Each structure stands twice: as C-alpha cells, then as structure tokens.
Amino acid sequence: LGSASGQDIIEQVKRGDALLAQGRPGLALAEYEKALASGAGSAMFLNRLAGLYMQTNAYEKAVRSLQESLGEDPRQIPVYSALGEAFLAQGKVDSAIFYVEQARILAPSSSAVYSSLGFLYLQTGEVDRARAELERALELDQTNPEAHRLFGFYYAQKDSIDRAIEHYE
C-alpha cells in the first residue's frame, strides 16, 4: 500500500469511528466497508466491523470478519465466543459449539466459556452435558451470574422449581 492509500484507510476508519460515536451505525458501517475494500485488515478493525455486522443481523459477514481477525491473531478468546454467537444466530449450533470449544482450549480456566458451552448444549437438548459445563463454570467462579441463570433454566426444564429458584436468586 502506498502512503496515500494508507492515509485514505485511516481517514475512512476515523470517519466510521466518528459516525459510530454519534450513534449512526449504518453510516459507520458504510465507511468501515470502504476501508475494508481499501485494504484495512487489522484484528481490531475486523472485530469492530464484525460487531456492526452483528448489530445489523449480517451474521455471515460477521463470521467472515471474525475469521479473518483470527487469521491476524488466533489468541483472541472473545472472537471465538463472538463466532459462536454469530453461528448460533444463524441456527448453526454445531459451528457455534466448535468455536466456543476452541475458546476453552485457549482459556481452560474461563468460567464464562464454560457457561457459554452450557447454554449451547441446552440449545441442542444435551442437558446432561449442559449441566456438566455449568457445574464447571461455577467451580471456576461461584459468582458467575450467567451460569446461575442457566442453571435456573436447566432446573425449570427439569421441573425442579425449588432448585430453579435457588439459582435465580
């Protein structure tokens, strides 16, 4: 890239950032897409772009941006979780599980990752596996609100209202 092209990309990203700060995500997205077409491709930029795609329900574009971002830096644990969310939004639970499992490999002591897996396994009807993931999430962090909320949901499904209320409180 020449310096003029590089400067153009910087200006497009800055305009997108300013529009986003003004609460104009649609216009910000247009500027970011111009920057992408001009060659922008840092992990931080791609993640920001993917976030806008998620906000506008453009999940396939979000997946492409997030996967490119992982190509730039494969150690980004939140990106694996974001990919899980994007695939789940498309009804592709198996792909969502795959990416959240990758996050678990990178961050085996992350309670949030285990609660995400618990949620995904609840979605597939694998309640025993979901319970095991949620138990692990609470072993790692007894105050994990998402794990408690999901356990409440788990017990409500099992018709154990007392246990459900215990986790919701």
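In this text the structure is predicted, and so the values were computed from the model without any measurement. Every heavy atom of this structure was used, including side-chain atoms; hydrogens, water molecules and symmetry mates were not.
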Q. Can you tell me if CD on Glu135 sees more than 12 non-hydrogen neighbours from other groups inside 6.0 Å?
A. yes
Q. Of the non-hydrogen atoms in Ser69 and Val79, which two are nearest, and what is the gap between them?
A. OG-CG2, 4.2 Å
Q: Determine the minimum heavy-atom distance between Ala112 and Asn144, stating which atoms define it.
A: N-ND2, 3.9 Å
Q: Report yes or no: do Leu83 and Leu106 belong to one cluster of Ile/Leu/Val/Met/Phe/Trp/Tyr joined by side chain heavy-atom distances under 4.5 Å?
A: yes
Q.
How close do Leu122 and Val127 get, counting heavy atoms only, and between which atoms?
A. CD2-CG1, 4.1 Å
Q) With no hydrogens and no angle check, is any side-chain donor or acceptor of Thr124 less than 3.5 Å from a backbone partner on Tyr121? A) yes
Q: Please report the closest heavy-atom contact between Ser111 and Ala137, naming both atoms and the distance.
A: OG-O, 2.7 Å
Q. Between OG of Ser116 and CD1 of Ile97, what distance do you get to the nearest 0.5 Å?
A. 11.5 Å
Q.
Other residues, nucleotides and ligands only: do more than 12 of their heavy atoms fall within 6.0 Å of CD on Gln142?
A. no
Q | Contacts of type side-chain hydrogen bond (donor to acceptor under 3.5 Å, both in side chains), residue Gln102, not counting sequence neighbours | A | none
(Q) Which label fits Tyr154 and Phe151: parallel for a plane angle under 30°, tilted from 30 to 60°, or perpendicular past 60°? (A) perpendicular
Q) From Arg131 CZ over to Glu126 CD, what is the distance, rounded to the nearest 0.5 angstrom? A) 16.0 Å
Q | Side-chain heavy atoms of Ile9 within contact of Ser38, under 4.5 Å | A | yes
Q) Looking only at heavy atoms, which two atoms of Ala43 and Gln76 are closest? And how far apart? A) CB-NE2, 3.8 Å
Q: Apply side-chain contact (heavy atoms from CB on, under 4.5 Å) to Tyr53 and Leu29, showing your working.
A: CA-CA 8 Å; Tyr53 284 142; Leu29 183 57; 3.6 Å; yes
Q) Looking just at side-chain N and O atoms, do Tyr114 and Glu146 make a donor-acceptor pair shorter than 3.5 Å? A) no
Q: Indicate the atoms forming the closest heavy-atom contact of Ala86 with Val63, along with that distance.
A: CB-CG2, 3.7 Å
Q. Hey, are Ser115 and Glu133 close enough side-chain-wise for a donor-acceptor pair under 3.5 Å?
A. no
Q: Verify side-chain contact (heavy atoms from CB on, under 4.5 Å) between Leu19 and Glu31, making sure each step is shown before the conclusion.
A: CA-CA 9 Å; Leu19 290 163; Glu31 288 299 321; 3.8 Å; yes
Q) What's the spacing between Leu88 CG and Asp94 CG if we round to 0.5 Å? A) 11.0 Å
Q) CZ/Arg149 to CG/Leu134 distance, rounded to the nearest 0.5 angstrom? A) 10.0 Å
Q: Quick one: sort the Tyr32 and Phe45 rings into parallel, tilted or perpendicular, breaks at 30° and 60°.
A: perpendicular
(Q) Any salt bridge linking Lys61 with Glu33? Criterion: basic side-chain nitrogen under 4.0 Å from a carboxylate oxygen. (A) yes
Q) Any side-chain heavy-atom pair from Val100 and Tyr80 closer than 4.5 angstrom? A) no
Q. Are Glu68 and Arg64 close enough for a salt bridge, meaning some N to O gap below 4.0 Å?
A. no
Q: Consider only side-chain heavy atoms of I, L, V, M, F, W and Y, link residues closer than 4.5 Å, and tell whether Ile77 and Leu140 are in one cluster.
A: no
Q.
Let me check something: do Tyr59 and Leu66 share a hydrophobic cluster, defined by ILVMFWY side-chain heavy atoms less than 4.5 Å apart, either directly or through other members?
A. no
Q) How far does CG of Leu150 sit from OH of Tyr155, to the nearest 0.5 angstrom? A) 12.5 Å
**Q.** Near-ring test Tyr99/Phe87, centroid separation under 6.0 angstrom
**A.** yes
(Q) For Glu101, is there an ion pair with Arg104 - N to carboxylate O distance below 4.0 angstrom? (A) yes
Q) Can Asp17 and Arg48 be counted as an ion pair, charged N to O under 4.0 angstrom? A) yes
**Q.** Separation of Leu46 CG from Glu72 CD (nearest 0.5 Å)
**A.** 6.5 Å
